[in-house]
S.K.: 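Below are the structure tokens for one structure; questions will follow.
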Amino acid sequence: MRSSAMRDLMAITARPEVISLAGGLPDTSTFPPATFAAQMTRIAQESAAEALQYGPTEGFDATKSAVRMVMDAEGMSPDLDDIIVTTGGQQALDLIAKTLVDPGDVVICEAPTYPGAVPVFSSYEADTHQVAIDGDGMRIDELEATCERLQAEGRRPKFIYSVPSFQNPAGVTLSLERRRRLVELARRRQILLVEDNPYGLLRYEGEPVPPLYQLDGGDYVIYVGTLSKILSPGIRIGWAVAPPPVMEKIALGKQATDLCTSTLAQYFALEYFGAGRWREYIDSLREIYRSRRDAMLEALERNFPRQATWTRPGGGLFVWATLPDYIDTSDLLAKALRENVAFVPGAAAYVDGRRGINSMRLNFSSSTEDEIREGVRRIGVVVSEQVELYETITSEHRLPESPGPASSGEVVPLRPPRRED
Ligand SMILES: Cc1ncc(COP(=O)(O)O)c(C=O)c1O
């Protein structure tokens, strides 16, 4: 087992003087306290005994119907029997790995991948292979080559894990053309795809792209969703949608883990969705986060040296910045913390912990625009110091291989991660 770099960081960044661009926290202060109070009061008055009781392992049918309503907003309509309500999307990932992975089994994911998935795969002793991404998401040609190489070794991946929309950590979105190719590859090679989609509804510009689950019809795609980013991470409600043979085992795994997802939290979610205003709340989040994203992109433009590049996400919560390859962002974080600002070093998003050392994940959802501007300014100072120091020592003036941020379009291409021998 290994520690999640982000959980360690959260302890440090809890200090009030630190501007944290490190977490992946939604801004829960936007949820009206009066609505929360009214909903919890109604539960206490009308359903106290049920809300305080155990519930079914798979979750209440009413909760599953709410989940289906959320999925319907992105064009998906699974059978209720194929849904299990979990303690956050994180538990869904854990249960999927618990169900499918024996020690040494191959799992494929993106490079960089969701940092919270790294400890999941390693705790089940998966042999995790990463496939590079660019501005259009996972490189399907590289994925195909990886599958081919593994097949030559007589090994078949247990699943391919992807965050196709507004990826954590890179903010990029898998293009429609690549989505089609990915679903076709999974079908042809008979490999399960795990689609993790916490951010699909947090789109700030452009047209929605269909989820892999919708394109595939749910035959090869195991879908993972969560209410964390569109309602609250504190209630810990997520879900998985899987074909019946896999679902059966996931439910057994959940029985062993926690018997059922919090009944009280499910009752709260039901009150909330019953009130029928959930789309409006997401719209309000999109407005706020769009402005914060813009503040971050402007601040990066103003404060980061020209040697740096970064993505321009059309949604989600994160920007991924790449610095010259002589800067190790884990070392840089120590300097940044002295300036009371934090980010997630890129190495957390790589399984071997060595690649991506010159990149960083920056979150724009949980700080105000002023904090974002000040936080990016402080990071810009420590980055510029490193660049100047390097250039003074080596008399070198290096420019990035890829162009700076695009003036239009969703993202700039990511530079391929540095490969270590
Ligand atoms: C890609 C991804 N998957 C899963 C999760 C876990 O979310 P939760 O357990 O709060 O539903 C997160 C949280 O940041 C995430 O970004």
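These numbers were taken from a predicted model, which means no experiment stands behind them. Just so you know, ligand 1 is whichever comes first in the structure, and atom 1 is the first atom listed for that ligand.
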S.K.: What's the shortest distance from atom 16 (O) of ligand 1 to any protein heavy atom, and which residue and atom give it?
M.R.: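 Scanning the protein heavy atoms, the shortest distance from atom 16 (O) of ligand 1 goes to Tyr199 OH, 2.5 Å.
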S.K.: With heavy-atom distances below 4.5 Å as the criterion, would you say the side chains of Arg139 and Arg178 are in contact?
M.R.: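 A side-chain contact under 4.5 Å exists here.
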S.K.: State the atoms of ligand 1, each with its element, that fall below the 4.0 Å cut-off from a heavy-atom position in Thr226.
M.R.: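 Listed by number with element: 8 (P), 11 (O).
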S.K.: Would you please say whether a donor-acceptor pair under 3.5 Å links the side chains of Arg373 and Asn303?
M.R.: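 Not at all, the side chains of Arg373 and Asn303 share no donor-acceptor pair under 3.5 Å.
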S.K.: Are Tyr281 and Thr30 linked by a side-chain donor-acceptor pair shorter than 3.5 Å?
M.R.: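 Per modelled atom types, Tyr281 and Thr30 side chains form a pair under 3.5 Å.
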S.K.: Does a side chain donor of either Lys229 or Ser365 reach within less than 3.5 Å of an acceptor in the other side chain?
M.R.: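 No.
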S.K.: Considering only residues two or more places apart or on different chains, which pairs with a residue in residues 38-54 satisfy salt bridge (charged side-chain N to carboxylate O under 4.0 Å, His left out)?
M.R.: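 Counting only pairs at least two positions apart or across chains, the salt bridge (charged side-chain N to carboxylate O under 4.0 Å, His left out) contacts touching residues 38-54 are Arg42-Glu271.
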S.K.: Does some side-chain heavy atom of Pro305 sit less than 4.5 Å from a side-chain heavy atom of Val383?
M.R.: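 A side-chain contact under 4.5 Å exists here.
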S.K.: Would Gly89 count as a contact residue for ligand 1, given that I'm defining contact as a non-hydrogen atom of the residue lying under 4.0 Å from a ligand atom?
M.R.: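 Yes, Gly89 has a heavy atom closer than 4.0 Å to ligand 1.
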S.K.: Which residue and non-hydrogen atom of the protein lie closest to atom 10 (O) of ligand 1, and at what distance in Å?
M.R.: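 Protein heavy atom with the smallest distance to atom 10 (O) of ligand 1: Ser228 OG, 2.6 Å.
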S.K.: Can you tell me if Gly116 has a non-hydrogen atom under 4.0 Å from ligand 1?
M.R.: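 Distance cut 4.0 Å: Gly116 fails for ligand 1.
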S.K.: Do you see a donor-acceptor pair shorter than 3.5 Å between the side chains of Tyr124 and Asp94?
M.R.: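 The answer is yes; a qualifying pair exists.
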S.K.: Suppose I only count heavy atoms of Arg236 and a 4.0 Å limit; which atoms of ligand 1 are within that range?
M.R.: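 Reading through ligand 1 atom by atom, the close ones are 8 (P), 9 (O), 10 (O).
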S.K.: Surrounding CD of Glu184 (heavy atoms of other residues, nucleotides or ligands, distance under 6.0 Å), is the total greater than 12?
M.R.: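 Above 12, so yes.
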S.K.: Please list the nearest protein heavy atom to atom 5 (C) of ligand 1 with its residue and the distance rounded to 0.1 Å.
M.R.: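 The protein heavy atom lying closest is Tyr114 OH, 3.3 Å.
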S.K.: Under 4.0 Å from a heavy atom of Asn168: which atoms of ligand 1 are those, numbered in the order shown and with their elements?
M.R.: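 Contacts of ligand 1 toward Asn168, numbered from 1: 14 (O), 15 (C), 16 (O).
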S.K.: Any N/O of Pro233 closer than 3.5 Å to an N/O of ligand 1?
M.R.: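 So ligand 1 has no N or O lying under 3.5 Å from an N or O of Pro233.
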S.K.: Check each atom of ligand 1 against the heavy atoms of Gly88 and keep those under 4.0 Å away; list them by number with element.
M.R.: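 In order of numbering, the contacting atoms are 9 (O), 11 (O).
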S.K.: So which of Val224, Asp196, Val120 gets nearest to atom 1 (C) of ligand 1, if we judge by its closest heavy atom?
M.R.: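 Residue with the shortest heavy-atom distance to the ligand atom: Asp196.
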S.K.: Counting only heavy atoms, which portion of Gln167 has something under 4.0 Å from ligand 1: side chain, backbone, both, or neither?
M.R.: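 It is neither part, as no heavy atom is under 4.0 Å.
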S.K.: Ignoring hydrogens and angles, state whether a donor on the side chain of Arg279 or Ser284 is under 3.5 Å from an acceptor on the partner side chain.
M.R.: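 No, because no side-chain N or O of Arg279 sits under 3.5 Å from a partner of the opposite role on Ser284.
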S.K.: List every atom of ligand 1 that sits less than 4.0 Å from any heavy atom of Gln90, numbering the atoms from 1 in the order shown and giving each element.
M.R.: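 Every atom of ligand 1 under 4.0 Å from some heavy atom of Gln90: 6 (C), 8 (P), 9 (O).
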S.K.: Looking only at protein heavy atoms, which one is nearest to atom 14 (O) of ligand 1, and how far off is it?
M.R.: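 The closest heavy atom on the protein side is Lys229 NZ, 2.7 Å.
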